[in-house]
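Proteins come first, then strands; the chains are lettered A, B, ... in the order of their sequence lines, and each starts at number 1. Quick caveat, the model's predicted, so the values are computed rather than measured.
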There are 2 protein chains.
Amino acid sequence: MTKREQPVREATVADVARAAGVSKAQAARALGGYGAVSEQVLSLVIAASEQLGYRPNQVARSMTTGRSNSIGVVVGDIENAHFGLALRGISDEVRDAGYTVVLVNTDEDLDAEVGAVQELLQQRVAGLVVAPCSSTQTAHLGSAQERGRAVVLFDRGIHGLELDTVRVDFADAALQVGRLLLDAGHRRIGYVSSLRTDGPYEPGADLGLSPVADRVRGIEQAFTEAEDEWDPTLVQLNAFSDDTLAAACAELLDRPAPATAVVCSDSLIALGVLGHIKRRGLRIPEDISVVAYDDFPWTELVEPPLTVVAQPVYDMGREAARALLRRLGHRVPAERLPLRAHLVERASVGAPSEEN
Amino acid sequence: MTKREQPVREATVADVARAAGVSKAQAARALGGYGAVSEQVLSLVIAASEQLGYRPNQVARSMTTGRSNSIGVVVGDIENAHFGLALRGISDEVRDAGYTVVLVNTDEDLDAEVGAVQELLQQRVAGLVVAPCSSTQTAHLGSAQERGRAVVLFDRGIHGLELDTVRVDFADAALQVGRLLLDAGHRRIGYVSSLRTDGPYEPGADLGLSPVADRVRGIEQAFTEAEDEWDPTLVQLNAFSDDTLAAACAELLDRPAPATAVVCSDSLIALGVLGHIKRRGLRIPEDISVVAYDDFPWTELVEPPLTVVAQPVYDMGREAARALLRRLGHRVPAERLPLRAHLVERASVGAPSEEN
DNA sequence: CCTGAAGTTGAGACCGGTCTCAAACTGAAG
DNA sequence: CTTCAGTTTGAGACCGGTCTCAACTTCAGG
């Protein structure tokens with residue numbers, strides 16, 4: 001008795017046909033529910049297929065049709081709850097249409113993203129849902145489209161290519177964040193994001209079509225309303241690791257006139273910034289005010305509860321998936337989920353301290 | 001000009017062969033790096049393939065080999081950071097070996113899990129990594145193995161089938177949790193888990209091979225050491241939704257002699273329990289002590305910082321993937337990652353209040 | 001009984017790799 | 001100049017569905 005037993009051979013259309021005593025073509029028609037098949041043949045084939053436990057080989061099917069029943073999802077970091085939740089939305093929506101999800105993580109690395117798209121195309125996925133890591137390097141996405149694959153972007157947009165893009169509208173919420181802090185009396189508002197750029201932030205710089213651009217713009221706009229100006233050195237980008245995040249915090253707090261409020265661009269940044277503030281022994285909001293993007297359950301449980309900008313991440317995933325399904329020719333409920341972010345005021349914003 | 005332009009036809013081996021002026025078989029050998037190929041043919045084929053931008057069609061490859069270069073991952077809830085992190089581990093490990101991940105979410109529903117495995121087999125995935133939702137209903141996993149697919153379980157085990165299973169060792173940590181609480185003076189220790197069972201918990205009940213079983217056993221053992229007994233009605237299972245979780249909390253706290261400490265079986269439960277405690281206006285640890293499983297960054301930032309059992313979730317994912325790769329005949333670094341949970345004492349455990 | 005349209009049926013091509021097999025070629029030994 | 005092993009090569013089968021096409025059956029209408 002060998003260790004590796006011969007795996008049971010799967011029943012094929014030909015097997016079913018033989019068992020039913022009809023031709024392969026008829027069996028295929030009966031099983032596939034297309035073409036003309038007599039009652040008699042139909043029942044014979046059904047019986048035989050059940051008898052043999054026939055399951056269509058999806059690979060063979062994809063071979064002829066040229067596309068598989070799976071869609072590729074490319075994200076920067078699945079470990080991030082933001083993408084975890086969006087992925088859940090995509091997955092839920094797409095399952096009903098009979099697709100499975102092939103997931104690739106890119107670590108926000110462009111080369112990895114290009115490779116991932118390449119690989120997924122070779123797998124002949126029906127379509128792609130991508131959160132692109134660059135808004136300018138987009139050749140791989142264009143080529144995917146040229147090769148006849150539907151591509152939908154989410155969370156972030158790109159320049160130069162016309163692609164369906166599903167993003168949350170931050171314009172209102174971001175402006176409100178700016179006003180909230182300005183009204184509370186803050187002028188030195190720090191902004192921390194993991195967005196990768198080549199140099200430090202400059203006013204009016206093109207931050208691509210990332211949500212970060214909208215969020216920064218909102219605060220700038222609030223400053224303009226208040227007829228004031230936002231010190232650009234308070235915008236700290238490239239905080240994508242523990243070290244760089246710590247450096248960004250230091251940059252904001254170890255200066256003659258330190259930031260009196262910090263806006264955290266996502267929940268990972270918030271976690272880091274909160275830890276940093278805690279280690280420094282600063283109190284929120286007495287010593288420093290904090291606003292974070294993304295409203296996860298824990299933000300309400302920290303002390304004090306965080307003022308956050310909530311965004312419909314799950315729905316964004318669903319909408320992205322729907323957009324893709326539409327491109328793939330599926331009829332999808334017309335109802336569109338509203339994707340607007342909104343400010344949730346809790347207790348982490350106060351007036352700047354007197355000494356400032 | 002039609003809306004839908006003709007997608008560019010992908011170059012095939014036959015195209016490359018024609019361009020290189022050799023037979024399809026030779027071109028395939030040159031591209032696949034097998035069999036005997038002369039220097040001259042090799043360079044001709046390489047040149048032609050680059051010229052045409054040839055990319056092998058993975059579907060066609062899977063067709064002949066009978067397996068795709070993707071592995072199926074079946075989990076209960078990707079939205080849960082626990083699985084998100086494990087998934088990341090699986091994904092990282094498997095990518096190096098050239099596989100992609102097909103992810104299916106089951107919502108901890110057995111029927112969905114059975115369907116998912118079925119679907120993945122039809123897609124001819126090379127292997128499966130599953131966090132099974134039942135430890136007894138395992139026919140689908142057995143059939144996957146019979147059909148020649150490698151199957152590896154993680155997070156939880158099953159009965160009756162010999163399958164590689166990658167789990168974190170909770171024996172020590174669970175016992176320590178029990179001792180910690182007992183030593184602090186607690187006797188009415190609540191336990192809340194989302195594990196689905198048919199009825200309420202009974203001492204010695206078979207909780208399957210889920211981590212929950214180990215965790216409950218550890219506390220029971222600590223009670224035995226202390227020559228005391230654990231009131232089984234304090235073990236609240238089936239808290240898998242907002243409602244059921246709220247009911248479990250009520251069950252523990254709205255009784256003549258309420259629990260003085262609560263152990264939360266995972267981070268989702270912890271989030272719910274913490275919210276519940278907060279809404280009741282109870283103080284931690286003065287009024288009630290809390291211990292949670294899974295050490296995510298936020299657990300240190302809540303007030304007070306949570307005493308938790310940390311577990312190497314990412315490594316568990318990696319190990320599961322490695323076990324699968326080994327089964328698939330890959331040489332994988334022999335070094336095994338230790339998978340032991342350990343208690344991290346912070347500030348959410350104190351003595352039970354006097355009035356109790 | 002003949003005709004034609006509609007309904008059924010089976011043979012076999014096809015998708016794009018992989019791989020077997022036999023033929024052709026190479027060069028060294030005899 | 002043979003002979004033979006070893007290398008290189010091309011033809012074509014194969015995987016398992018899908019689908020075209022031609023042929024056959026059936027039956028109403030003439």
Whether each nucleotide of nucleotides 15-21 of chain D has a protein heavy atom under 4.0 Å at its base (B), only at its sugar-phosphate (S) or at neither (-) is summarised, 5' to 3', as BBBBBB-
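- Here D96(B) pairs with nothing under the salt bridge (Lys or Arg N to Asp or Glu O under 4.0 Å) rule; sequence neighbours left out.
- A side-chain N or O of T100(A) and one of Q123(B) form a donor-acceptor pair less than 3.5 Å apart.
- Residue V41(B) is in sugar-phosphate contact alone, with no base atom involved, counting any heavy-atom pair closer than 4.0 Å across all strands shown.
- Q40(B) has its CD atom 11 Å from the P atom of dT26(C), to the nearest Å.
- Between the side chains of E79(A) and N105(A), no donor-acceptor pair is found at a separation under 3.5 Å.
- When the P atom of dA22(C) is taken as reference, atom CD of Q26(B) falls 18 Å away, rounded to whole Å.
- Of the options L44(A), V16(A), V13(A), a side chain to side chain contact (heavy atoms under 4.5 Å, CB included) to S49(A) is made by V16(A) and by none of the others.
- A salt bridge links R88(B) with D107(A); the closest basic N to acidic carboxylate O contact falls under 4.0 Å.
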